[in-house]
Amino acid sequence: MADNPYLIYLAQRLTPARLQHSLGVMQVMEQLAPIYGLDPTTARLAGLTHYAAKELPLAQMIEIAQMNHFPLNDPNDRDPLYLHGPCSAFIASHQMGITDPLVLEAISRHSYVGDGLVQSPVFCGCLRFADILEPGRDWDDAHNKLHPLFFAGQMGEAAHELMEWLVPFLENMNIIPHLTQLALRRKLALLYAVGATETSRDQIPV
Ligand SMILES: [Fe+2]
């Protein structure tokens, strides 16, 4: 692992805490791979590299966004909290040489920017959950609620519970949820309302 070129790249650009977080996300992706039918190598790679642009200056993130025509309509689109996902996918592709579209898509969408269809809702969903459930996070209430569901393979119910936790969590910190998060919360609330019919993993909105 020490000679992994991706790890070397990240170690030069992320704080030790964020590098540790990335390794934790990688570890959870590996655990999720057999549960959700992911290729373990691909899963680990997405976990390790999902923060590739996390510490870029905001001006550079905006520059990447403008260059790639990322949507910058809403004030939240310019917030690094949301913008780091698509920017990390750009860095993973253009600086780190990662070409796997599943990895790039999941990195891009993990910060809830973008609302189009994805190739793999399952892979994208796993990265979002690995980001929340990695061992370094200090979010016991979310972990206790989400871990059993997600590790039991119940991605849809877990996604519903995640949004019911995440939106109030952001609001309590005076962070305005992204419009895509609010829309996703509404979709999942409808899908997982009492009496709703079962939803296939491939149809779970991301
Ligand atoms: Fe993360």
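Here the structure is a predicted model, which is why all the values come from computation and not from measurement. Whatever order the structure lists ligands and atoms in, that order sets their numbers, starting from 1.
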Query raised in the report: More than 12 heavy atoms of other residues, nucleotides or ligands under 6.0 Å from CD1 of I176: is that the case?
Result: no

Requested in this report: Could you tell me whether the side chains of Q181 and Y82 share a donor-acceptor contact shorter than 3.5 Å?
Outcome: yes

Requested in this report: Measure from the ring center of F151 to the ring center of F129 and say whether it is less than 6.0 Å.
Outcome: no

Query raised in the report: Do Y112 and M173 share a hydrophobic cluster, counting only Ile, Leu, Val, Met, Phe, Trp and Tyr and linking them when any side-chain heavy atoms are less than 4.5 Å apart?
Result: yes

Query raised in the report: Just wondering, more than 12 heavy atoms not from L117 lying within 6.0 Å of its CG?
Result: no

Report task. Applying ring pair (Phe, Tyr, Trp, His ring centres under 6.0 Å), name anything that partners H21, two or more places apart in sequence or on another chain. Result -> H50, Y51

Query raised in the report: Leaving out waters, which are not shown anyway, how many protein N, O or S atoms lie closer than 2.8 Å to the Fe ion (ligand 1)?
Result: 3

